[in-house]
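Reviewing the structure listed below.
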Amino acid sequence: MNIIWHSKSKQFHLYNAKISYIICVTPVGDLGNIYFGKCIRDKEDMSYVVNRFGLSNVAVDADTESYSMELNRQEYPSFGTTDFGTQAFETEQSNGSRVNSFVYKDHRIFAGKTALTGLPATYADDKEAMTLEMQLEDEVAKMSLTLSYTIFEDHPVITRHAVFTNNGASKVMLTKALSACLDLPDQDYEWMQFSGAWARERIPVTRKITAGSVSIESKRGASSANQNPFIIIKRPNTDDHGGEAIGVSLVYSGNFIAQAECDTFGRTRILMGINPDRFSWPLEKGETFETPEAVIAYTAEGLNSLSQTYHELYNNNLVRGKWKNTPRPILINNWEATFMNFDEEKILKIAKKAKEAGVELFVLDDGWFGERDDDFAGLGDWIENPKKLPQGMAGLARKVNALGMKFGFWIEPEMVNPNSNLYRRHPDWALGTPGRKSSLGRHQLVLDFSREEVVDHIYGMLSKVLSDAPISYIKWDMNRSLTEVYNIDITPQEQGTVYHKYVMGVYRLYEKLRNDYPDILFESCSSGGNRFDAGMLYYAPQAWCSDNTDAIDRIRIQYGTSFGYPISSIGAHVSAVPNQQTGRNVSISTRANVAYFGTFGYELDLNHVSEEEFEEVKLQIEFMKENRELFQFGRFYRLRSPFDTDQCAWIVVSSDRRKAILGFYCLRANVNSLPGFLKLAGLSEEKLYVIEDKEYYGDELMNLGVTLKTLFEGGFALANDFISCVKVIEAKE
Ligand code: DGJ
């Protein structure tokens, strides 16, 4: 890994063993892109890439009379001069002008990576990464701009973000400030996005890009289940096992936009950042604005390798603290077992049985506080309900601890029910626009987390519960979108800051709680996977992936999630049948076979399963304990897509390739078909592996494949819907 500055040609080359990213200072002083892709040899001068000629109807710089931004690839394009594509940022200056032209002044190259202020971001020590920070200035607008690029030693990744500063006496309004722009020299790409809704999150959608724009966005205040802040640009022939692709992941949990724009000269511009719609940020003299971080990854080896890059980077350089690379406890959550209808006795009965099965952590879900017996009341009153918890959270936690299990509980700190003491005392703390009625979502309002005193108050209430009780885990939920967004404490001109400040408030509360209780394992949740993003992983290393706990639907949801997020982050539980969302009956073994490829836990009352199933649950827990490190932190490969076939298969492989675990699932039986073969991946070609007493070479398993006859006794073709298997594959000495 290195960053080279060629002072004569004014070019920067950031490279590691896998990628090169080359930037130039253009003839007009702004920053242009020369190359991003597979690592290439360093060269003093590559300015032949820069186009310096006029074309009809192309605006050129007045001094050079030969340079047009429109004909050259930009690093962070601005509005108003010679680039006519979508801009990476926009300002409104005091004279009403929106034209900007930032010119390179200076730069700094250093080992490591600096943190962002109040925002989540990847981190790295001096050996893991190098950073290039370029200073640019717009002398007319009296603004400066810092563009930061970090390259990692061990990952084909560049992270980027920008910082704007107003150096002038007059206020400047920042109306758009994206995190990154990437201009690519051709358009032979497909765009992949991960779309969905509640209970059907992160479904991969692929489309060819062509002249014009493709974009996805969120305006809900959270990153959303509708669109995820992660996209892939891939060559049409790229699949999981080969081909070029670029991923862009935003480390942010609020409104965002991701866009690909194909111009008339055959090039593609990729943009990602905070959604400019509903965003404007006033900068007074000396004030700065920092964008969130975008993580750009490249592969020439297919989508599995791109996903593995994100998995490894996020496990090693985004997740922090005690739970970084630590296998997660097997938990039981009472939500689907009791909903809010519980008391201490009921909870302890569930906990006791779970302990008998080997479960390690009990999670008390919604309903323990205030007057919370249904979802019409109580949110905001973070005080135990004495009818349900006579000795408080501390009493219950100690009783669960005495059973030999850890204890954790559910919160939804960003919300308030109109029927709550908090709302009666502070009705003005809920987000709302003066003179308008406030829309409800699940009978609740959103607290204005853009206001410090609101966040501080909630922090006070939560830390009271936390400091009294031995708590090991928190599930932080968020069950509605933001509406009528308005902060009554700030000026009309500042209202465009509220969405972003809200997210910053959420991050601030997370950070305070994490600092106070560094051992607590946080799991983020937002009606399931409505805020499953890299920003959240900085605070909460795992996220409840979906409220849809049906194993067959979960196969698709977890498969889609795996493109951008590590298996260790995917909250996955075995729930009761018939499933609450789909009514489907799936065997307890298939339910576990899906949940193993996640954090693993149970979301049911084990007192209500048959004796035979209970014995199976015990074995499942034993198996997970033995293998969770491999499941959660092994190298994960998608093998067969549940979107393209009636089957799904995936495999996790240990770093020394000596051990792997294969998951195979049948979503729908295919009558009168041959069993067929499944080609494995990630194994060592030379090694001899054993699958259930039979021996196979790695190259055999990866090229010929395993026959499904081997996986299913009696022949796959005769099998039923929803059957599955998980097979351990181990190398012989
Ligand atoms: C939505 C979550 O996704 C569920 O798991 C559960 O915690 C409920 N909220 C509780 O209200």
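In each ligand, atom 1 is the first atom listed, and ligand 1 is the first ligand listed.
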To the nearest 0.5 Å, atom NE2 of H457 lies from atom CH2 of W429 at 4.5 Å

| message | Quick one about R424 and N419 (side-chain donor to acceptor, distance below 3.5 Å, no hydrogens or angles considered), yes or no? | response | yes

* Name the orientation class of the two ring planes belonging to W368 and F409 (parallel below 30°, tilted from 30 to 60°, perpendicular beyond 60°). => perpendicular

Would a line drawn from the ring center of Y665 to the ring center of W650 be shorter than 6.0 Å?
yes

query = Is T483 close to R220 at the side-chain level, that is, under 4.5 Å between some pair of heavy atoms?
reply = no

Which of F600, Y602, W544 passes ring pair (Phe, Tyr, Trp, His ring centres under 6.0 Å) with H573? It is W544

Contact set, ligand 1, heavy-atom distance under 4.0 Å, ordered by chain/number, equals W335, D365, D366, W410, R442, K475, D477, N479, C525, S527, G528, W544, D547

